[in-house]
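To start, the structure itself, in structure tokens.
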Amino acid sequence: LGGAYRLPGYVVYQSLFMKFFDSPVTAIKISQIILSSSLILVAFCISKYLSKSNKVCLIVAIAVSMWYPLHFYSLDLTGVTFSIFIYSLFVWSLFKLLNDYNHNRNRNISLLFIGALLGLMTLTKSNNILIVISLFCTLCYFHKSIKIATIDCIKSGLIFLIIVLPWSYFISVHNN
């Protein structure tokens with residue numbers, strides 16, 4: 001990339017598979033296929049929060065498994081499947097957080113997981129940091145309280161910063 005640096009999220013994920021395969025292209029394609037297949041399960045889990053019917057969840061999983069872009073991008077080397085997978089986990093954890101609120105459960109684990117996923121999403125594509133705005137708006141709408149939404153965003157934000165700050169420091173040192 002010349003004088004610039006590629007964001008490390010996708011690269012680190014791919015490096016885990018490079019050790020098991022001789023060809024880097026094969027390693028990337030297999031890792032992408034694993035992510036595409038896992039998206040079907042994540043879609044099923046998300047639909048469990050939206051519908052209590054196992055039939056509906058199965059229909060959603062089948063629909064996702066037949067979604068053409070999922071198969072098209074699973075063999076693409078750009079990392080789109082990785083981004084879609086992380087974003088889907090983010091949506092799943094957001095539904096889990098809202099479910100924890102409804103059942104008066106401890107929501108701190110969900111908030112920390114959301115912060116970690118937001119950090120990974122930002123290390124994959126930097127414009128994903130804008131999701132913090134929609135997260136804050138969602139929490140404000142759900143709580144009807146800016147104070148509680150701000151506290152929850154700060155909890156998620158601390159984990160987010162722990163994940164993103166090393167890369168930010170690296171870039172600032174190398175680019176003055």
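On a predicted model such as this, the values are computed, not experimentally measured, just so you know.
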Distance in Å, [X] [atom1] paired with [Y] [atom2], rounded so as to fall on 0.5 Å steps:
{"X": "F82", "Y": "L120", "atom1": "CZ", "atom2": "CG", "answer": "6.0 Å"}
{"X": "L89", "Y": "C45", "atom1": "CG", "atom2": "SG", "answer": "9.5 Å"}
{"X": "L111", "Y": "L94", "atom1": "CG", "atom2": "CG", "answer": "9.5 Å"}
{"X": "N108", "Y": "D152", "atom1": "CG", "atom2": "CG", "answer": "8.0 Å"}
{"X": "I28", "Y": "I33", "atom1": "CD1", "atom2": "CD1", "answer": "12.0 Å"}
{"X": "S83", "Y": "L35", "atom1": "OG", "atom2": "CG", "answer": "10.0 Å"}

With a 3.5 Å distance limit and no angle check, can you tell me whether [X] reaches the backbone of [Y] through a side-chain donor-acceptor pair?
{"X": "S156", "Y": "C153", "result": "no"}
{"X": "K125", "Y": "T122", "result": "no"}
{"X": "Y13", "Y": "S31", "result": "yes"}
{"X": "S51", "Y": "K48", "result": "no"}

Pair L58-N54, side-chain contact (heavy atoms from CB on, under 4.5 Å): steps then yes or no | CA-CA 6 Å; L58 186 60; N54 286 333; over 6 Å; no
Within a 6.0 Å radius of atom [atom1] on [X], are there more than 12 heavy atoms belonging to other residues, nucleotides or ligands?
{"X": "F17", "atom1": "CZ", "value": "yes"}
{"X": "N127", "atom1": "CG", "value": "yes"}
{"X": "L158", "atom1": "CG", "value": "yes"}
{"X": "K147", "atom1": "NZ", "value": "no"}

Are the charged groups of R105 and D100 less than 4.0 angstrom apart, N to O?
-> yes
With a 4.5 Å heavy-atom cut-off, do [X] and [Y] have their side chains touching?
{"X": "I146", "Y": "F136", "answer": "yes"}
{"X": "I171", "Y": "W167", "answer": "yes"}
{"X": "T26", "Y": "F20", "answer": "no"}
{"X": "I148", "Y": "L139", "answer": "no"}
{"X": "L117", "Y": "S93", "answer": "yes"}
{"X": "I154", "Y": "T150", "answer": "yes"}

Does the ring centre of F95 sit less than 6.0 Å away from the ring centre of W92?
-> no
Kindly give the heavy-atom pair with the smallest separation between [X] and [Y], and that separation in Å.
{"X": "N128", "Y": "M121", "value": "ND2-O, 3.0 Å"}
{"X": "S36", "Y": "T81", "value": "OG-CG2, 3.5 Å"}
{"X": "A116", "Y": "I163", "value": "CA-CD1, 3.4 Å"}
{"X": "V60", "Y": "A43", "value": "CG1-O, 3.9 Å"}
{"X": "K155", "Y": "L112", "value": "O-CD2, 3.9 Å"}
{"X": "L135", "Y": "I114", "value": "CD2-CG2, 3.9 Å"}

With side-chain contact (heavy atoms from CB on, under 4.5 Å) as the test, would you mind laying out the steps for F160 and I129 before giving the verdict?
-> CA-CA 10 Å; F160 167 80; I129 196 168; 3.6 Å; yes
Contacts of F21 that satisfy ring-ring contact (aromatic ring centres under 6.0 Å, His included) - sequence neighbours left out | none
